[in-house]
Amino acid sequence: MRKLTLTAALCASTMLTAQALAENDHRIVDEPLVLTIHMHWPRAQGYDENYPVERVAREMTGIHLKDATAGRNSTDSNEAMNLLLAKGDMPDIVGGHLIQQPVNQYGPEGAFLPLNDLVEEHAPHIQAFWDSHPGLQEAISSYDGNYYYIPYLPDGEFGRAWYIRQDWLDKLGLEQPTNVDEYYEVLKAFRDQDPNGNGLKDEIPYFARQWEEVNRLLNLWDARSSGSDTYHDFYVNDEGKVVHPYALEAYRDGIAHIAQWYEEGLIDPEIFTRGSSSRDYLLSENLGGSTHDWFASTSGYNQALADKIEGFNFIPFLPPESAGGVRMEEHRRIPIKPDGWAISYTNEHPVETIKYFDFWFTEEGRLLANFGVEGETWDMIDGEPVFKPEVLNSDSPVNSQMYLVGAQIYRGYWQDYRYEWQWTSEPARKGIELYKANDLLIDQFLGVSLNQEEQAVYDKYWPSLRTYMLERQQAWILGTGDVEADWDEYMAQLERMGLSEVLEVMNSAYSRQYAG
Ligand code: CA
């Protein structure tokens with residue numbers, strides 16, 4: 001009674017407070033409403049109705065999600081989706097990993113509801129997200145111009161960076177390389193001047209745990225290795241055309257340089273075969289000099305190897321300026337994932353469902369989706385959500401702890417980078433600040449939705465084209481064949497294998513999708 005009176009008094013006292021209270025009322029339905037959900041993703045095959053996050057969302061909105069996940073005994077989300085579609089009786093909500101392709105394929109055929117109008121009319125917070133992030137709604141749209149799912153939207157910008165053994169530079173009296181020529185000289189010095197001090201010429205100047213990162217060196221000669229965070233992807237050129245980086249003359253010249261560096265022993269001779277443990281091995285054996293890899297995990301080696309290698313200091317440095325004078329970081333976090341959730345055609349409460357989806361884009365819903373339940377895993381301190389010490393200091397990674405309470409799971413939500421920043425190490429933070437200060441990011445190719453005819457052309461030609469490109473690439477880098485001598489024949493072969501047809505369907509889909 002007393003509380004009610006107090007609230008009423010507060011409401012009456014200022015408009016602002018009344019508005020704030022109204023905004024905090026997330027109730028969608030008067031009577032509790034149960035909606036069934038398919039939620040299949042890498043960390044869990046199913047939706048746990050006892051997630052603390054679900055419990056709170058249920059109290060706030062009145063909507064209760066009930067698990068109806070297909071393919072629970074498989075970890076393959078594609079397989080689970082196929083099973084769900086074959087089964088016929090669809091749950092109200094279809095969510096999880098890799099749903100973009102199936103919803104864009106089956107949405108126009110009637111299996112999922114188009115969300116454009118529903119969102120415009122009933123989901124102001126989602127609409128505000130689209131309005132403030134131009135291009136993303138188009139990027140997830142199907143070939144009929146509608147969109148059929150609310151994605152998991154990652155936050156944060158930088159992913160990978162260029163790393164170098166600063167202690168080796170210091171030992172050899174060298175400065176950090178600022179351009180491709182200086183980088184070349186530094187790698188030669190690492191090769192020749194025994195920076196690890198064991199009397200052997202055993203240093204590996206450039207290495208990478210994903211062999212594809214050898215292609216990142218293409219950037220140093222103004223060629224591209226990919227247009228997105230997927231390796232070997234198409235990109236959109238300055239004229240607004242979709243092109244493939246491996247069919248352009250800049251690529252020919254870049255590969256010629258990489259082959260030369262490889263021959264000179266500046267690149268790991270086992271770059272194609274050493275595999276994912278190469279970073280671990282080459283750093284802990286005091287052999288690796290420079291790489292291109294993720295900020296957070298690569299910065300962890302300074303602490304991990306501090307006792308083992310005296311003075312070990314592997315730090316991010318700015319991307320070397322290219323031969324053409326361009327300094328850029330090709331890799332970045334993708335702004336939209338193919339994961340999230342959609343509304344199936346059997347759902348009898350589409351308005352309530354889209355309002356529920358919208359809840360996760362409100363301030364409170366977003367905090368809940370990112371950090372878990374306030375007071376349980378985090379507290380609001382000076383206006384910032386801060387994880388509790390027991391969460392940050394646990395042996396279990398913060399993301400794993402979040403998955404268990406129902407936060408950071410693949411519902412349609414907007415990630416909050418503050419979630420990750422809190423457990424990013426100091427050296428990685430410094431590196432990210434350095435990259436931020438230098439405006440290095442470039443636009444990403446966010447993919448296209450092919451219609452059925454275009455998809456058929458793509459499927460007919462692209463897989464073998466890609467295989468051929470990668471075979472030739474590897475051969476040239478390893479010194480089998482000469483890219484400059486082979487180039488005309490290579491381009492003619494790409495043409496015979498259907499490159500123009502593939503580029504044509506990519507461009508027709510691209511102009512349809514992004515024209516507006
Ligand atoms: Ca040595």
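Between the side chains of His292 and Glu213, at least one donor-acceptor pair of N or O atoms lies under 3.5 Å. Side chains of Ser396 and Ser394: a donor-acceptor N/O pair is absent below 3.5 angstrom, by distance only. In this model, a donor atom of one side chain and an acceptor atom of the other lie less than 3.5 Å apart for Thr298 and Arg279.
In terms of heavy-atom proximity, Ala208 sits nearest to Ser278 at O-OG, 3.1 Å. Shortest non-hydrogen contact noted between Asp339 and Leu98 is OD1-N, 2.7 Å. Residues Ile150 and Phe361 approach most closely at CG2-CE1, 3.7 Å, considering heavy atoms.
The side-chain hydrogen bond (donor to acceptor under 3.5 Å, both in side chains) search around Tyr47 returns Glu54, not counting sequence neighbours. For Ser141, there are no side-chain hydrogen bond (donor to acceptor under 3.5 Å, both in side chains) partners at least two apart in sequence or on another chain. For Lys388, the side-chain hydrogen bond (donor to acceptor under 3.5 Å, both in side chains) test picks out Asp379, with sequence neighbours left out. Here Arg224 pairs with Glu330 under the salt bridge (Lys or Arg N to Asp or Glu O under 4.0 Å) rule; sequence neighbours left out. For Glu426, there are no salt bridge (Lys or Arg N to Asp or Glu O under 4.0 Å) partners at least two apart in sequence or on another chain. In terms of the side-chain hydrogen bond (donor to acceptor under 3.5 Å, both in side chains) criterion, residue partners of Gln105 (sequence neighbours excluded) are, by chain and number, Gln101. With sequence neighbours excluded, no residue satisfies salt bridge (Lys or Arg N to Asp or Glu O under 4.0 Å) with Glu212.
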- Task: Starting from the C-alpha separation in whole Å, work towards a yes-or-no answer on side-chain contact (heavy atoms from CB on, under 4.5 Å) for Arg366 and Asp416.
- Result: CA-CA 8 Å; Arg366 193 173 172 214; Asp416 184 335; 3.9 Å; yes
- Message: Under the criterion side-chain contact (heavy atoms from CB on, under 4.5 Å), I'd like the reasoning laid out for Leu115 against Ile354: C-alpha separation, chi angles, the key distance, then a yes or no.
- Response: CA-CA 8 Å; Leu115 304 181; Ile354 205 71; 4.2 Å; yes
- Message: Under the criterion side-chain contact (heavy atoms from CB on, under 4.5 Å), I'd like the reasoning laid out for Tyr510 against Phe445: C-alpha separation, chi angles, the key distance, then a yes or no.
- Response: CA-CA 10 Å; Tyr510 181 79; Phe445 176 55; 4.1 Å; yes
- Query: For Ser449 and Arg512, what are the C-alpha separation, side-chain angles and deciding distance, and is it a side chain to side chain donor-acceptor pair (under 3.5 Å)?
  - Reply: CA-CA 9 Å; Ser449 286; Arg512 177 178 60 236; over 6 Å; no
- Task: Might you work through the side-chain contact (heavy atoms from CB on, under 4.5 Å) test for Phe357 and Ile343, ending with a clear yes or no?
- Result: CA-CA 10 Å; Phe357 286 2; Ile343 305 179; 3.7 Å; yes
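Note on Asp167 versus Arg165: salt bridge recorded, some NZ/NE/NH1/NH2 to OD/OE distance being below 4.0 Å. Note on Lys355 versus Glu352: no salt bridge recorded, every NZ/NE/NH1/NH2 to OD/OE distance being 4.0 Å or above. A salt bridge is absent between Glu329 and Arg160; no separation between the charged side-chain nitrogens and carboxylate oxygens falls under 4.0 Å. Salt-bridge formation is detected for the pair Glu420/Arg333: a Lys NZ or Arg NE/NH1/NH2 atom is positioned less than 4.0 Å from an Asp or Glu carboxylate oxygen. Between Arg274 and Asp268 there is a salt bridge, since a side-chain N of the basic residue sits under 4.0 Å from a carboxylate O of the acidic one.
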Give every donor-acceptor pair under 3.5 Å between a side-chain atom in residues 86-94 and any protein atom, sequence neighbours left out.
unit_1: Asp92; atom_1: OD2; unit_2: Thr36; atom_2: N; d: 2.9
unit_1: Asp92; atom_1: OD2; unit_2: Thr36; atom_2: OG1; d: 3.2

Please table the atom pairs, donor to acceptor, closer than 3.5 Å between any side-chain atom in residues 120-130 and protein atoms at least two apart or in another chain.
unit_1: His125; atom_1: ND1; unit_2: Asp358; atom_2: OD2; d: 2.8
unit_1: Gln127; atom_1: NE2; unit_2: Asp131; atom_2: OD1; d: 3.1
unit_1: Trp130; atom_1: NE1; unit_2: Tyr147; atom_2: OH; d: 2.9

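Listed by first and then second residue, the salt bridge (charged side-chain N to carboxylate O under 4.0 Å, His left out) pairs that reach into residues 60-84 are Asp67-Arg72, sequence neighbours excluded. Screening residues 367-377 for side-chain hydrogen bond (donor to acceptor under 3.5 Å, both in side chains) gives Arg55-Glu376, Asn370-Gln408 as the qualifying pairs, with residues at least two apart or on separate chains. Listed by first and then second residue, the salt bridge (charged side-chain N to carboxylate O under 4.0 Å, His left out) pairs involving residues 139-149 amount to none (not counting sequence neighbours).
By the 6.0 Å contact criterion, CD on Glu348 is open, its count of non-hydrogen atoms from other residues, nucleotides or ligands being 12 or less. Annotation: Gln452, atom CD; neighbour count of heavy atoms from other residues, nucleotides and ligands within 6.0 Å does not exceed 12.
Residues Tyr301 and Phe314 keep their aromatic ring centres 6.0 Å or farther apart. For Trp462 and Phe234, the distance between ring centers is under 6.0 angstrom. The six-membered or imidazole ring of Trp341 lies away from that of His97, with a centre-to-centre distance of 6.0 Å or more. Aromatic ring centres of Phe272 and Trp211 lie closer together than 6.0 Å. Side-chain rings of Tyr435 and Phe158 approach one another, their centers coming within less than 6.0 Å. Two rings, from Trp162 and His331, have their centers 6.0 Å or more apart.
In this structure a side-chain-to-backbone donor-acceptor pair under 3.5 Å is present from Ser226 to Ser228. Judged by distance alone, with hydrogens and angles left aside, the side-chain atoms of Tyr163 form a donor-acceptor pair with the main-chain N or O of Phe295 at under 3.5 Å.
Side-chain contact between Asn399 and Tyr419 is present, with at least one heavy-atom pair separated by less than 4.5 Å.
The aromatic rings of Phe371 and Trp378 lie tilted to each other, with the angle between the two planes from 30° to 60°.
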